[in-house]
Structures are given as structure tokens and as C-alpha cells.
Colleague: 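Mind having a look at this structure? Questions to follow.
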Amino acid sequence: MLVMYFKNMQYSNNVVSYVWWGLFILLSISFTLFGSAMVSDFLNMLQVIYFSASRYVMFAIWIVWSLPSILILPKLISRKFSLILILILLIIVGVSREYLPRYLSIVPKEYHCVKNLLSDVGHSRVSYIAKNNCSAENPKSFVMINENKSQQYDEVWNFTQGTNGNQINYSAKIGLGYFVIMGDKKFGPYSNMGEIAFSPDGKRFAAITGDYNNKEIKIVIDGIEQRKSYDWASEPIISADGKHIAYFTREQTKYVIGKHTVVIDGNESDQFDKVGTEPLGRWGIFSPDGNKFAYSYINYITPNEPSGYLIIKDFVTNKNIIYGPYSGSIYAMEFSPNNEHVAYIVSGKTGWMVIIDGVEGKKYKGTGNLTWAPDSNKIAYRAYSEKLNAKCERSYDRTCAWESFVVVEGKEIGPYDFTPAFGFEGDPIIFSHNSKIAAYRVAINKKWFAVIGDKKFEHDQVANNFVFSHDDQKVAYIISIFSSDYNEDKYIEYIEEGRELELTKLVKTAVINVDVINGQIRAGKLYDRIIGDPVFNDNGKHLAYMAGRNWGDNTQLNFVVIDEKIDYLFNFVSDLKFTVNDSGDKNFEYAAMANKMSGSKIWNRTISINN
């Protein structure tokens, strides 16, 4: 009937005809541009059906609209011109489909709980962990690498990818047996498995196995079980070049912890009263080139009088450098990027101080978060004085009033009321690539600021994700903006209880892009969350980041934003990076997943950046 109505229409100036044909053109163009940020962002704003479902719905509507529109057109313009216009629209729509994203892998409908999505360099492969049925009592897990499915496991963890992106490694359990899988090699079974470490290139591993109850702990290195058993052993550490492996052991009875011993490449040190004093358990570190290893230990003169030492093992000279004794514990060891210097913190009854190559700095009430500049000529950290407000127990509490400083190259900057996340667990100062500019967050008069060199920018709240462009002309970071309904007590309550949906009603997030030279600031759009760190291209002209919005109470849409334009809408995005391939092509790349009725689909997206 609808077709007959338009076919019998007598008036070329009929308003309905013009409106109908105008909507047809608009719909055609929208369908053509659906892959662009403009339309996908518009659909997201309207909370229409997400991603490819929307594309198919739009295409169906376009087809339904086409026949009446084609019948109307000759009544509006000449028949010859109308045929040319229809042909052009069909070509545009057909060509546009070639630019819609192709999924790389399909997760079958019966697979659930997809996680740990990883993509290799060049995004020719994607890997993930999945389960057969999440609602089952004990669902089986497996690993998918593109379309290749592993055998089923009771559990999979430690899912990692080597730096060259060519090998996937993980731990798995089958029945009572524990295994280590490295690429196509399988090691085990082992009777138990504790901590495991893979080398950065993914070619070596060291694992703690054995019977913890009977104190028969074994170290397995590259599939070879070491001869000696221990009462207890720490997590192994592997150097960046993969040549050296270190761990420490201790004697232990049911009620008494005995002496500690450091083992480096199978060679045991002397016994110490205690190895490592880091709050987060980091007892030793390798230099960036892997040629040195530093660790700390304590021998007690009396039960309340520790004597701390730092030992640096030089693998090239086969000599040990010893710093100490210090009347306190040693924390936060950091090698300089050029491997020549080591900095650390000593805490004692008289205060805390930063020491570089044995040279002591000024004492403070507290210090932490050591950061070397890329040129290895300066170091930065946070410090605070005796003025301490007892309310400063939470790093996100804006009522703190510590008299604190940021110390760069021995010079104090401040005082500030508060430098967030005080201690060793995070919130470092970030240096530019040329080492000339430091970026960090502080609070002044209970207001948050992002500090970039000598410039300060006030915000409701600042995250510590400062990222400099490769030429150091731009810096990006993440902020939070409070809604009109913001309530600090509710905000803290939602954080402590992990109530993300309620939290996003109080706080939105955005990415800030600052021109370092002139201080010009550009704020991005507001989202419910920003995922990970922003990423610049090589010349700093383009900025990408992962973000998300909530749809209702149960659905989360996540996507990549490039130059403040949404790429596509997915359920999950990860692994955003800027790459240059062998042909010199420059791209932003990321992995993504969308849940469909026929099963989830996996994408490896590549967006070309030409300038």
C-alpha cells in the first residue's frame, strides 16, 4: 500500500516526498559514515543498539526505505538524473562496506568469560582465555590463539606474551597436576605451583613448586628442577636480557622464621637475618641491561637495632659493591637508566633519606617514589615534613594537609598541602623524554593541581597518568570531574565498596591534552571511565585513548577515541599502541571484543595515521 501511494502521487512538490527522499539520503550517508566517529558517537549518545547490530539494523532500514524512495525520485527530478543519483548512492554504500572493520576471530556461542585479550605486534593474531560455561559449577578453561584452541584445563593463569609478540606463555592446572606452557612446549606436571616468572622475551621461566606443608620447595628453571629443596622461597626475578635468575630462601619452622639466603644463578650468598624490607615485597632488582643485581638485607645488632646493607652484584666484573651499615631499613631501590647509578631510601629513628651511590641526602619525616630522569643525571621523589594531618590515610581524601615537597635534583618544590599516594606503591614523578620537565599531581589549599614544569592546572581530581609526546611538546593526563550531585562521603564509600556504576553517577572522566610550550589546554569529552594511559603518535599531533560508557545497569560499552572521535563501539578493548611497521606505515592499533548472539567476535583494529 505504501508503494502504491507513492506510485500514484501526483504532485512533485509534495512535502512528504521531499521529506521522505531527504531522510533516505541522510540515512544513506549515515550508513556510509557509520564507521566514522561522528555517527558512532551519535549512536552511543542515543544509546542505540551497539556496534555491528546497529550497522545491520541501519542497513535493513536503508533497504526498506530504498524502494519507495526510488519511486519518489523521478517525480522530484528528471528520470535520467535520478538514475545517476541512485547509482552513485549505491556505489558509495557498497564501497563503504569495504572500510567497515573485519573481525579476526569468532568466539563460538558456547564460550563464555573471555578475558586477558592480547594482540601481537602488527595485530595479525589475538589470544585470550575463555571458559565453556561460566554458570557451570566447575567450568573448564582453555586458551585461544586466533582460531587454534588449546586443550581444556581446570584453570589458567599467568597469561603473558613475550616482548616480540610471537609467543604466549601461561600456567595451567589439570586435575592434581600443574603445568607451564610456553608457546608449543609444555612443562610438568608438578605437584604444586607457587610464584612463577617469565623472562621479558618470553623464552625462559622460573617457578616455585613442591610441597609447602612439608617444606619441600623446589625451584624449576626452564623445565629443569633444581637439586636443592628449601623450607620457603620467594618469587623468582629474571633479568631483562634473560641471562640471570635470582630468588631468596629462608629457613622456617612452624613458629620460627630462620635465616635468609639469596640465590643468584644457583650460587648462594651468606645467611642474613632478613632479606628485603620493601612494603610490597620487592627485595631485589636487576639493572636495565641485566648486568647488575641489587638487594638489601638486615642483620640485627639487638632485636630493636637493625643494621641495613645494600649489595650490588656486578656480573661483568664478578665483584660485589656493599653500601652500609645503616641504622634502619632500605627501600625503593632504583637503577638509573644508564645502569651506572643506584638510588635507595633508608628509614630509621631519626628520619628518612634518599641515598645515591652511597651519598646521603636530606632527612625528612618520610620519602618515597624514586624516579630517575631518562638522562640518568637527576632523580625526583616526594617528601614530607613533621606537619601531618591524621585524616591523610586515604590517597583520594581531599582533606589532607601534609606539608609536602616534590624534590627534583635535590631542590625542593613546594611546600604543598598534599602529594597523593604517599609511599612506595605508586604516584611517581614523570619526566619528559629530554629530562627537562617533570609532571606530577599535588594539592594546594585542598584543591587538586596537575603540575607540568612551571605550569599548574586546577581540576576536581587528577590521576597520575602523565604521558609526554615523543617530542615533549605535548603532555596528556586523566582528570575526574564531579557532578552536581557529588558527595565526598558517598564517593569514598563507593570506592571502598567497588560500586562502579554508582561512582560514575558522581564522577566523570576526561583526558587533558596540554601544549607544554604555551600552556594551552584542551579538554576531551566526558566518559564514565578512561582505560589505561593515553597514547601519542610519533610527532605528537594525534592522541588516542581507551574509554567507556555505561548503558543501563548491566551493559558497558568500551571504545578507542582518536583525536576525540570514537572509532567503534565494543564490549571490551585493550592493548592500545602506536606502531610503525616494516613498510613505514604508522598506525594506532588495539584489540577488541563484541558480544553477539552467535558468540563473541574478536577484532584487531588498525587505524592509519598519515601525518
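No experiment lies behind these values; they were computed from the predicted model shown.
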Colleague: Would a distance-only check, ignoring hydrogens and angles, find a side-chain to backbone donor-acceptor pair under 3.5 Å from D314 to K292?
Modeller: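 Answer holds: no.
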Colleague: Where do M144 and K149 come nearest, in terms of heavy atoms and distance?
Modeller: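 Taking M144 first and K149 second, the nearest heavy atoms are SD-CB, 3.3 Å.
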Colleague: Is the centre of the F179 ring less than 6.0 Å from the centre of the Y153 ring?
Modeller: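 Between Y153 and F179, which both carry aromatic rings, the centre distance is not below 6.0 Å.
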Colleague: Once you measure the plane-to-plane angle for F286 and F315, does it fall in the parallel (<30°), tilted (30-60°) or perpendicular (>60°) bin?
Modeller: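 Plane angle under 30°, so parallel.
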Colleague: Between the side chain of R204 and the main-chain N/O of G242, is any donor-acceptor distance below 3.5 Å?
Modeller: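 Present.
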Colleague: Strictly distance-based, threshold 3.5 Å: is any side-chain N or O of N169 a donor or acceptor partner for the main-chain N or O of Q161?
Modeller: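 Pair absent, no side-chain N/O of N169 close to backbone of Q161.
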Colleague: With no hydrogens and no angle check, is any side-chain donor or acceptor of S141 less than 3.5 Å from a backbone partner on V156?
Modeller: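 Side chain of S141 to backbone of V156: no pair is present.
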Colleague: Not counting sequence neighbours, which residues clear side chain to side chain contact (heavy atoms under 4.5 Å, CB included) with H341? List them please.
Modeller: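 With neighbours one apart ignored, the set is S336, N338, D357, W372.
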Colleague: When the ring planes of W232 and F248 are compared, do they come out parallel, tilted or perpendicular, using 30° and 60° as the limits?
Modeller: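 It falls in the tilted class, 30° to 60°.
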Colleague: Is it true that a side-chain atom of S307 and a backbone atom of N299 form a donor plus acceptor pair closer than 3.5 Å?
Modeller: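 Side chain of S307 to backbone of N299, a donor-acceptor pair under 3.5 Å: no, none is there.
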Colleague: Ignoring hydrogens and geometry, is there a side-chain-to-backbone donor-acceptor pair from H433 to S469 under 3.5 Å?
Modeller: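 At least one qualifying donor-acceptor pair exists.
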Colleague: Flag the pair K586 and D538 as a salt bridge only when some basic side-chain nitrogen lies within less than 4.0 angstrom of an acidic carboxylate oxygen.
Modeller: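 A salt bridge links K586 with D538.
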Colleague: Taking atom NZ as the centre, does K243 end up with more than 12 heavy-atom neighbours from other residues, nucleotides or ligands that are less than 6.0 angstrom away?
Modeller: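 No - once you tally the heavy atoms of other residues, nucleotides and ligands closer than 6.0 Å, there are 12 at most.
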Colleague: Give, for atom CD1 of I285 and atom CD1 of I312, the distance between the pair rounded to the nearest 0.5 Å.
Modeller: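 Taking CD1 in I285 and CD1 in I312, the distance rounds to 8.5 Å.
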Colleague: Determine whether the side chains of E334 and Y381 contain a donor N or O and an acceptor N or O closer than 3.5 Å.
Modeller: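 The answer is no; no qualifying pair exists.
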Colleague: Considering residues at least two apart in sequence or located in another chain, which fulfil the side-chain hydrogen bond (donor to acceptor under 3.5 Å, both in side chains) criterion with Q226?
Modeller: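 Q226: no side-chain hydrogen bond (donor to acceptor under 3.5 Å, both in side chains) contacts found.
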Colleague: Taking Q167 for the side chain and G202 for the main chain, is one N or O donor matched with an acceptor at less than 3.5 Å?
Modeller: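 Flag set: sc Q167 to bb G202 pair under 3.5 Å.
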Colleague: In terms of the angle between their ring planes, are F187 and F205 parallel, tilted or perpendicular, with boundaries placed at 30° and 60°?
Modeller: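 It falls in the tilted class, 30° to 60°.
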Colleague: Report, as yes or no, whether the 6.0 Å neighbourhood of atom NZ on K378 holds more than 12 heavy atoms from other residues, nucleotides or ligands.
Modeller: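 Atom NZ in K378 is crowded, with more than 12 foreign heavy atoms closer than 6.0 Å.
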Colleague: Does the pair W283 and Y247 meet the rule for a ring pair (Phe, Tyr, Trp, His ring centres under 6.0 Å), with working shown?
Modeller: CA-CA 9 Å; W283 62 275; Y247 52 93; 8.3 Å; no
Colleague: Under the 3.5 angstrom rule, does the side chain of T371 hit a backbone N or O of I429 as a donor-acceptor pair?
Modeller: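 It does hold such a pair.
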Colleague: Test your reading of the model: is there a side-chain donor-acceptor pair from N339 to the backbone of D289, 3.5 Å cut-off?
Modeller: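 Answer holds: yes.
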Colleague: Would you say N537's side chain and H542's backbone share a donor-acceptor pair under 3.5 angstrom?
Modeller: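 Present.
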Colleague: Any side-chain heavy-atom pair from Y190 and V220 closer than 4.5 angstrom?
Modeller: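 Of all side-chain heavy-atom pairs linking V220 with Y190, at least one is under 4.5 Å.
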